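Okay, so here's the structure we're looking at.
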Amino acid sequence: MIELDTSSLDLTRLPTHVAVIMDGNGRWAQRRGMSRIEGHKRGKDSVRTIVEATRKLGIPYLSLFAFSTENWDRPHREVNALMSLLRRYLRSEIDRMMHNEVRVVAIGDVARLPSSVRAELETAIERTRDNGKLTVGLCVSFGGREDIIHAAQALARRVAAGELAPDAIDEANFSAELGTAGIPDPDLLIRTSGEMRISNFYLWQLAYTEIYVTETLWPEFRETEYVAALADYQRRERRFGRVLEASPSDKLGAARRA
Ligand code: FPP
């Protein structure tokens, strides 16, 4: 298990669900005169570290944007390398996941994955299904708009079958048709490598999520950077569109003015 310095954190106020856009593998490699694929390989080590750190902190949900629907348009060689890394990651980590009671779920259009990757993923999902300490959502061939369209289609089918009235569509039954059904919305989104974009990641789920963007490239995002992101999150004031309850002195002032 990795060493974590948590002295800057309030361990009673950690997020329940952290989502990560792992960006900057290509830039990390190119700056070193290496191929983009080398960057992805190094990025895989960051994945391992962040999964272990999340487990160690006791955060119950982690989502990793590993491959977007748009990533299929990258050169074949790079797509193949990413698929092979995913397969090798699942194979090499499964025993450690079992030991650490980590559950793997896939979020996205898994049917588009090559059969060898799909098989490895299905094995990991099946073997880890009863693990209860941490759920890792691997977002593969995932697009936020596609996720919403699939949910709309599923609800439309229920309406057409007469099972659901159009006015009965609400946030709860819509959420239940998304790839993240049963998983709470993220409290914190981390994006590495400085881009201020959602890039078609979770569109519905990020409605009230705190966003943390760091210039650090994903292959260099390790324990220290993760703890810094969590400490920053703990300094935020989450209002969910409401105003904060008036402080006792405000209440006193209001009483005096009344
Ligand atoms: C973005 O970097 C990253 C990806 C497209 C894929 C993320 C994949 C990994 C971290 C490796 C394997 C994953 C797992 C789950 C084992 P980029 O290529 O867009 O970087 P750039 O913006 O600098 O070009």
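In listed order, ligands and their atoms are each counted from 1. As the structure is a computational prediction, the values presented were derived from the model and not from experiment.
At distances below 3.5 Å, at least one donor-acceptor pair connects side-chain atoms of Arg191 with backbone N or O atoms of Arg197. Within the 3.5 Å criterion, the main-chain N or O of Ser68 finds a donor-acceptor partner in the side chain of Asn71. A side-chain donor-acceptor contact under 3.5 Å links Arg32 to the backbone of Trp28.
Judged purely by distance below 3.5 Å, without hydrogens or angles, the side chains of Trp218 and Ser193 never pair a donor atom with an acceptor atom.
Using a 4.0 Å cut-off between charged side-chain N and carboxylate O, Arg87 and Glu120 make no salt bridge. Look at Asp45 and Arg42 and you find no salt bridge, because none of the NZ, NE, NH1 or NH2 atoms lies under 4.0 Å from a carboxylate O.
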With the criterion set at N/O pairs under 3.5 Å, what does the list of contacts between the protein and ligand 1 look like, atom names and distances included?
unit_1: ligand 1; atom_1: 2 (O); unit_2: Gly24; atom_2: N; d: 3.4
unit_1: ligand 1; atom_1: 2 (O); unit_2: Asn25; atom_2: N; d: 3.3
unit_1: ligand 1; atom_1: 18 (O); unit_2: Arg36; atom_2: NH2; d: 2.8
unit_1: ligand 1; atom_1: 18 (O); unit_2: Arg74; atom_2: NH1; d: 2.8
unit_1: ligand 1; atom_1: 19 (O); unit_2: Asp23; atom_2: OD1; d: 3.3
unit_1: ligand 1; atom_1: 19 (O); unit_2: Arg74; atom_2: NH2; d: 2.8
unit_1: ligand 1; atom_1: 20 (O); unit_2: Gly24; atom_2: N; d: 3.3
unit_1: ligand 1; atom_1: 20 (O); unit_2: Asn25; atom_2: N; d: 3.2
unit_1: ligand 1; atom_1: 20 (O); unit_2: Gly26; atom_2: N; d: 3.0
unit_1: ligand 1; atom_1: 22 (O); unit_2: Asp23; atom_2: OD1; d: 2.9
unit_1: ligand 1; atom_1: 22 (O); unit_2: Arg27; atom_2: NH2; d: 2.8
unit_1: ligand 1; atom_1: 23 (O); unit_2: Gly26; atom_2: N; d: 3.4
unit_1: ligand 1; atom_1: 23 (O); unit_2: Arg27; atom_2: N; d: 2.7
unit_1: ligand 1; atom_1: 23 (O); unit_2: Arg27; atom_2: NE; d: 2.8
unit_1: ligand 1; atom_1: 24 (O); unit_2: Arg36; atom_2: NH1; d: 2.9
unit_1: ligand 1; atom_1: 24 (O); unit_2: Arg36; atom_2: NH2; d: 3.2

